[in-house]
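Inspection log for the structure reproduced underneath, given as structure tokens.
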Amino acid sequence: MKKYRILALMLALTACLSACNPASKQPNTTDPATEPPATSPTTEPTVPDVEPVIENMYTASLPITTESYHAEDNTLIFTYSYQTIYPVLPDRDVSDKIIMDFTNRNEQTRSASTEVLAEAENFYKTSNVFTPFSYEIQYDITRIDQGVLSLYGHIVQISETSPMNRRLISANYNLVTGDTLTLGSILYHADTKDDLAELVISYLESREDIMLYDEFRDTVRARFQRDESADEDFYFSSTGLCFYFAPYEIAPRAYGTVTVEIPYNKLTGIIDDAYFPAERSYTSGSLNISAFHDADLESYAQFVEVVAKDDATKLLLTTDSAVQDIRINELVWAKDGLSYTQTKNIFASNFLYKDNAILFEAEFDDFRPNYMLSYSIDGSTYVFYLMKDSTTGQITLSTMNSF
């Protein structure tokens with residue numbers, strides 16, 4: 001079972017923002033649609049000798065807990081994986097509301113996971129060949145800032161009656177009030193729901209990479225006829241509002257999940273102003289990594305701790321100026337060890353300033369990276385891997401070409 005915790009002492013900083021829109025540069029994984037590997041970021045400021053505007057720091061941790069169940073002969077027969085959320089925000093009451101809602105969502109999956117466990121127990125007794133069953137809930141943070149925390153992920157069930165049952169899920173929160181967001185709560189007016197449906201159709205029509213069913217327009221319009229006060233099937237990204245459709249819903253199953261992102265500049269008058277990201281200033285720093293035991297913690301006004309494994313290697317992440325949109329993802333490797341098949345978001349923050357620090361404690365492999373780190377400066381996102389030198393034991397930030 002993996003254990004995570006997060007500890008932070010919050011300091012209110014003044015938010016005053018102007019424009020910056022990161023363009024992501026993603027690493028090459030087993031997904032052929034990913035873009036070229038990241039390059040090392042420049043540290044030259046866009047405007048010399050001008051300090052970036054400071055944002056309030058909002059962070060969230062999504063620790064993963066895996067419960068394992070064994071037969072009487074100690075054979076593993078079932079695993080149940082879920083997350084706990086720890087938002088670190090200026091308002092503790094807002095954090096508590098989010099934690100309570102997220103916990104309730106997990107509890108609602110308990111009965112389904114118990115059914116899969118019972119199926120695993122029965123099947124193991126009667127089968128000569130057995131592969132452990134599983135039930136997994138996984139969210140990633142797609143947006144976190146002063147207004148919105150947005151999560152998007154899936155529930156995957158693997159059992160005899162359901163070899164691979166994958167259901168898409170999302171959850172969105174107002175970071176001013178802590179309330180759960182529905183489609184109805186973010187619309188400028190209820191009448192704009194039809195306008196939103198037509199925008200989704202228009203963007204789907206412009207897609208040349210997907211062969212859509214002839215009746216996809218009817219399916220989209222029917223999707224927006226739901227009760228908007230109970231509709232949570234959307235999520236926010238840093239660049240737009242996203243709607244997702246399950247495989248085979250509007251296109252052949254081979255295309256997988258179909259996602260449509262409506263840019264924020266197309267949503268004026270459709271969603272409430274409170275849910276547009278604030279404009280941001282440039283940042284032109286670099287993210288540095290060092291051994292925790294060498295750090296002078298007294299020099300940091302705000303300190304966040306993220307523990308992936310107790311009593312392991314401790315690293316301190318800092319910056320010489322400011323960086324945005326920090327993410328730490330755990331890598332899930334294929335059995336052959338040649339490629340990773342999934343990344344699991346375990347930490348996200350909108351901003352890191354030079355008097356802030358992130359303590360990251362984790363176990364590192366001598367031969368391949370277990371974690372990936374990304375951040376944004378000067379309008380671009382850079383991706384690195386936390387690599388361990390097998391000779392010195394030192395952890396460094398490396399590009400994918402380093403392994």
Side-chain angles (χ1 to χ4, degrees), residues 2-13 15 22 38 41 43 52 54-64 83-90 95 140-141 143-146 149 175 238 283-331 343-364 369-377 381-388 394-398:
K2 295 184 179 178
K3 297 176 63 179
Y4 300 72
R5 67 175 183 269
I6 183 166
L7 171 66
L9 300 175
M10 298 302 299
L11 174 70
L13 302 174
T43 57
I54 301 172
E55 302 177 24
N56 286 332
M57 187 177 181
Y58 292 77
T59 75
S61 177
L62 284 172
I64 304 168
Q83 294 166 295
T84 307
I85 193 166
Y86 294 100
V88 181
L89 312 171
S95 297
D140 287 326
I141 299 171
R143 176 179 159 185
I144 182 169
D145 53 33
Q146 74 282 2
L149 171 62
L175 289 193
S238 61
T283 56
S284 296
S286 61
L287 198 147
N288 307 309
I289 186 170
S290 60
F292 176 72
H293 58 74
D294 295 333
D296 177 16
L297 301 183
E298 296 296 326
S299 62
Y300 299 106
Q302 185 172 350
F303 186 80
V304 177
E305 184 179 7
V306 184
V307 178
K309 183 175 178 58
D310 287 313
D311 302 320
T313 302
K314 294 182 179 181
L315 306 174
L316 200 68
L317 305 177
T318 59
T319 179
D320 54 356
S321 179
V323 298
Q324 297 169 330
D325 303 325
I326 304 93
R327 300 288 189 274
I328 299 175
N329 284 53
E330 182 180 349
L331 304 179
T343 67
K344 296 188 176 184
N345 188 204
I346 62 171
F347 175 78
S349 178
N350 66 315
F351 191 76
L352 182 68
Y353 191 55
K354 59 187 177 183
D355 66 351
N356 303 334
I358 299 169
L359 166 62
F360 181 50
E361 183 175 358
E363 189 172 62
F364 298 93
N370 294 332
Y371 299 96
M372 182 173 70
L373 183 144
S374 63
Y375 63 93
S376 298
I377 59 169
T381 296
Y382 296 89
V383 180
F384 297 90
Y385 299 87
L386 296 171
M387 292 288 296
K388 180 179 180 181
Q394 183 179 1
I395 310 299
T396 60
L397 294 177
S398 304

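All values below come from the heavy atoms of this structure, side chains included, with hydrogens, waters and symmetry mates left out.
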Fill in: Which atom of T318 lies closest to which atom of A357, heavy atoms considered
CG2-CB, 4.0 Å
Worksheet item: Hey, what do you get for OG (S284) to CG (D320), rounding to the nearest 0.5 Å?
Response: 10.0 Å
Worksheet item: Counting only N and O atoms by type, is there a donor-acceptor contact under 3.5 Å from the side chain of N345 to the main-chain atoms of F347?
Response: yes
Practice prompt. Could you check whether the rings of Y353 and F351 sit parallel, tilted or perpendicular, using 30° and 60° as the cut-offs?
Written response: parallel
Discussion item. For Y300, give me all partners under ring pair (Phe, Tyr, Trp, His ring centres under 6.0 Å), at least two apart in sequence or on another chain.
Written reply: none
Worksheet item: Is the closest side-chain heavy-atom distance between S321 and K354 below 4.5 Å?
Response: no
Worksheet item: Counting N and O atoms only, with roles assigned by atom type, does the side chain of E361 sit under 3.5 Å from a partner on the main chain of A312, one being a donor and the other an acceptor?
Response: yes
Discussion item. Applying side chain to side chain contact (heavy atoms under 4.5 Å, CB included) to Y86 and V306, what does each step give before you reach the verdict?
Written reply: CA-CA 10 Å; Y86 294 100; V306 184; over 6 Å; no
Response to the item:
Output for pair (L386 CG, L373 CG), nearest 0.5 Å, gives 5.5 Å
Discussion item. I'd like to check T313 versus K388 (side-chain heavy atoms, cut-off strictly below 4.5 Å). Are they in contact?
Written reply: no
Worksheet item: Out of curiosity, I326 CD1 to N350 CG, how far, rounded to the nearest 0.5 Å?
Response: 7.0 Å
Worksheet item: Would L331 and N370 count as a side chain to side chain contact (heavy atoms under 4.5 Å, CB included) if you check the C-alpha gap in whole Å, the side-chain angles of each, and the deciding distance to 0.1 Å?
Response: CA-CA 5 Å; L331 304 179; N370 294 332; 5.8 Å; no
Worksheet item: Aromatic rings Y382 and Y375: how do their planes relate, parallel, tilted or perpendicular, breaks at 30° and 60°?
Response: tilted
Item to complete: Measure the CD1-CZ distance between I141 and R327 for me, rounded to the nearest 0.5 Å.
Response: 6.5 Å
Worksheet item: Below 4.5 Å, heavy atoms only, C-beta onward: do L287 and L397 meet side chain to side chain?
Response: yes
Practice prompt. For residues I289 and T396, report the shortest heavy-atom separation together with the two atoms involved.
Written response: CG2-CA, 4.3 Å
Discussion item. Could you report the tightest heavy-atom contact between A322 and T319, atom names first, then the distance?
Written reply: N-OG1, 3.6 Å
Fill in: Test item: Q324 and E55 side chains (from C-beta on) under 4.5 Å apart, heavy atoms
yes
Discussion item. On a heavy-atom basis, which atom in S349 and which in I144 lie closest, and how many Å separate them?
Written reply: C-CG2, 4.2 Å
Worksheet entry | Flag, side chain of S95 to backbone of P87, donor-acceptor distance under 3.5 Å | yes
Fill in: Side chain proximity check, L62 to I346, heavy atoms < 4.5 angstrom
no
Worksheet, complete the sentence: Separation between CD (Q394) and CG (L315), nearest 0.5 Å, reads 10.0 Å
Practice prompt. Answer yes or no: is there a side-chain heavy-atom contact under 4.5 Å between I85 and L149?
Written response: yes
Worksheet item: What residues form a side-chain hydrogen bond (donor to acceptor under 3.5 Å, both in side chains) with S290, not counting sequence neighbours?
Response: none
Discussion item. Restricting to non-hydrogen atoms, name the atom on S374 and the atom on T381 that form the minimum distance, rounded to 0.1 Å.
Written reply: CB-CG2, 4.2 Å
Worksheet item: Hey, mind stepping through Y371 and F360 against ring-ring contact (aromatic ring centres under 6.0 Å, His included) and telling me if it holds?
Response: CA-CA 11 Å; Y371 299 96; F360 181 50; 5.1 Å; yes
Worksheet entry | Euclidean distance, I358 CD1 relative to Q302 CD, rounded to 0.5 Å | 9.5 Å
